[in-house]
Every structure is written in C-alpha cells, then in structure tokens.
Number of protein chains: 2
Amino acid sequence: MPVVDATGFEPVDLIPSSENPFFVTHYYEDLAVGDVFETSGYTIQKDEIVDFAEQFDPQPFHVDEEAAKDSMFGELVASGLHTLCLSVRLFVTEIVQGEADVANMGGLGMDNLEWHEPVRPDDTLTLRVEVLEKTPSESREDRGYVEFRRSVTVDETEVMSITSVNIVQREDAANAE
Amino acid sequence: MPVVDATGFEPVDLIPSSENPFFVTHYYEDLAVGDVFETSGYTIQKDEIVDFAEQFDPQPFHVDEEAAKDSMFGELVASGLHTLCLSVRLFVTEIVQGEADVANMGGLGMDNLEWHEPVRPDDTLTLRVEVLEKTPSESREDRGYVEFRRSVTVDETEVMSITSVNIVQREDAANAE
C-alpha cells in the first residue's frame, strides 16, 4: 500500500521496461540528437516547499514566510535544489520509465545548472528534455553516453535548465543477456 | 516541537546571522580564494536512500534491493541526487549557518557535477568546500559572486564533486540597512 510521504508524493509503482507492453524501449541506438520529450505539469505546494527545505536547504527564504519578505526574493520561494529534484522525478517517471522508456543504466554527471527565475507556491512545473549529443563508450561495448538538455518552465517561462550525461545500454548488449 | 520526517532528519532550528553571537558573519569581502571549510560526517541509512528515491528518483537500483543486483551497481546505491541534497544540507547547516556564517543571498547556479563513486547504505559523507573565485557584481553594489568547489568524500575517497556560484552580500550593504 502506498505511503503518502511528507511531500505528498505517493511512491511510484515501478514498471520494469521488459514487463511493460505499452512502451518501446529506447536503447542507445534508438535515441537521436534533436529528439525531444515533454512531461505533464507538476504543481508545487507551499507546504512541500517548506518540508523539502527543512530537510535539505533550510535557509530563511525557503522555510519562513516572514523572513522571506526581507530576502532578495521578497517572498517564500522554493529551494532551487527542490526544483532540480522535481525535474528529476518528472524525467524518471514520465520519460525514462514513461514515454521514452530509456534503457538508462545510471547518471554520470550534470552541468550548466542555472536557476533563471524563482519558483513560488502553486507554480506548475513542466519538463522538456532534448537529446544534445551521443558518444559511444570507448572502453565498454554495452553502453553509450547520452547528453540531455533539461529545461523546466512555468507558464512557458524557463525557470531552470541543466545538462546531464546518462549512461544508456546498447540494444545488442540487452539482447545478449 | 521538531517533527521527524521520513528521512530521519529533524528540521533545523534556524539561527539568523544577526542574532547568533557565536559566529562571525562572512560577507563577500571576508571570503578569500583558497579558504576551506569542512563539515562533520553524515551517515546515510538504507531506509532513507529508498525513501528519497521513491520521491525523486525511483529507479530500480535506488529503491529495490533485488532489482539492484541486476544493475550496473550490483547492489542498492543512493541516488546521486540524494548525495547532492545531503551535501547542500551540510553546506547550509554547517557552513552557511555554521562555521563560516556566510551572508548568502541565494544560489545562481551549479556546474561540473560529477558522481565519482556510488554511495551505499551506512556510508558516512563529509563535505569539504573551497573558495575558487570571487567576482564583484557589475550591476549591483550590494553583492558579489563567490564560486565554491564542493567535494563529498567517504573514507577519504571523493564520491561527488560540484562547483557552485552563490550570491553573497557585501558588508557595506549590510551595514547600510
């Protein structure tokens, strides 16, 4: 039975790629530079902004409405780390385990993380992901590296962007298992 | 009264810089390239690895011990995002609001995020932060930009590193308030 945690999320029912009849798995070979994936919107609530920040980024402008008025932001805003975490959740649940069903083996790193605009309570975040570059592994035949640009928007204004490099399995390797 | 949340953290009692007699606030002028700050260790538990991943990064190798055995990692490992979040918590609670008491106005962005080694249950994470570069704001006299290199180690092996740019208040501006 799902347990509702502090942020209001229910744990996701995992759908292993091989058992999911609805999606076609995207291996390294199946992703092309320029491919774009978009997610549905996720609306962030004030309570979860405060809950998250109390755990991981307890600065006054993320946890205290009164103190936030005296900050550079003038009001309570979400931790940028929270926006990043929500973008990863959307990436995993709606792209890696959803529409694109990417044979993701893990993350290698991220770069160019920028927070362009503050995120406020009741903002609805949408993630857009584009394949920027593909690089075959030189040392391991079972995988390649895929660079994505991930962009989070609120009302069509970009609030955060980041690039990531993910390790993606090759189809040959999967079939040989 | 503190509420223990799903990760076992207790919300932090905030100590606004101006009311804290124990630390000397570090304004932009007070931070020097080469300054180093280190935190205590934080030991990550299996349950919180799974709880975090169910919320933000629900991939099999972060939430399911059996499935993790078939992954590239061979065992359950923490989401790299979780390691990043814990490093930010250590940065905020022990450096920005602790030893260094940095007059941080907010984060501008992060770069060069790399996960060098997996983080496993019961690993103890320590954060080391070094001031890499300082750049005065050209448009606003009340602030400057400070680039930090943040490094997370387990048993003296670096498991994650990232650079960040924070917006830090100038002392003149603080005194003029």
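The sequence lines fix the lettering, A, B, ..., with proteins before strands; numbering per chain opens at 1. Bear in mind the structure is a predicted one, so any value in this text is a computation, not a measurement.
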### Message
Test side-chain contact (heavy atoms from CB on, under 4.5 Å) on A:Leu84 and B:Leu84; report intermediate values, then the result.
### Response
CA-CA 10 Å; A:Leu84 175 64; B:Leu84 175 63; 3.6 Å; yes
### Summary
Turns out that what part of B:Phe73 lies under 4.5 Å from chain A's heavy atoms comes down to side chain
### Query
Should B:Leu31 and B:Val165 be regarded as members of a common hydrophobic cluster, given that ILVMFWY residues are connected when their side-chain heavy atoms come within less than 4.5 Å of each other, either directly or indirectly?
no
### Neighbour count above 12 (heavy atom, 6.0 Å) for A:Glu171 CD
yes
#### Entry: Transitive ILVMFWY side-chain link B:Val131 to B:Ile95, under 4.5 Å
yes
### Task
Identify which part of A:Met72 has an atom lying under 4.5 Å from any heavy atom of chain B, answering side chain, backbone, both or neither.
side chain
### A:Met110 side chain reached by B:Met110 side chain, heavy atoms, under 4.5 Å
no
### Task
Give, for atom NE2 of A:His82 and atom SG of B:Cys85, the distance between the pair rounded to the nearest 0.5 Å.
9.0 Å
#### Entry: Chi angles and distances behind the side-chain contact (heavy atoms from CB on, under 4.5 Å) call for A:Phe52, B:Phe56
CA-CA 11 Å; A:Phe52 180 93; B:Phe56 297 116; 3.9 Å; yes
### Message
Just verifying a value: how many Å separate A:Gln59 CD and B:Met105 CE, rounded to the nearest 0.5 Å?
### Response
12.0 Å
### Message
So which atom in B:Pro58 and which in A:Gln97 form the shortest heavy-atom distance, rounded to 0.1 Å?
### Response
O-NE2, 2.9 Å
### Query
Is it true that B:Val96 and B:Ile162 fall in one hydrophobic cluster, defined by side-chain heavy atoms closer than 4.5 Å?
yes
### Message
In this structure, would B:Phe91 and B:Tyr42 fall into the same cluster of hydrophobic residues linked by side-chain contacts under 4.5 Å?
### Response
yes
### Summary
Of all heavy-atom pairs linking B:Glu54 and A:Arg89, the shortest is O-NH1, 3.4 Å
### Message
Quick check: is B:Val119 connected to B:Leu76 through a chain of hydrophobic side chains (ILVMFWY, heavy atoms under 4.5 Å apart)?
### Response
yes
### From CG (A:Leu81) to OG (B:Ser87), nearest 0.5 Å
7.5 Å
### Query
Does any heavy atom of chain A fall under 4.5 Å from the side chain of B:Asp142, the backbone, both, or neither of them?
neither
### side-chain hydrogen bond (donor to acceptor under 3.5 Å, both in side chains) pairs, two or more places apart, involving residues 107-117 of chain A
A:Asn112-A:Thr163, A:His116-A:Glu158, A:His116-A:Ser161
### Summary
If one checks every heavy atom of B:Leu108 against chain A at 4.5 Å, the contacting part turns out to be backbone
### Proximity breakdown for B:Ile167 and chain A, heavy-atom pairs closer than 4.5 Å
side chain
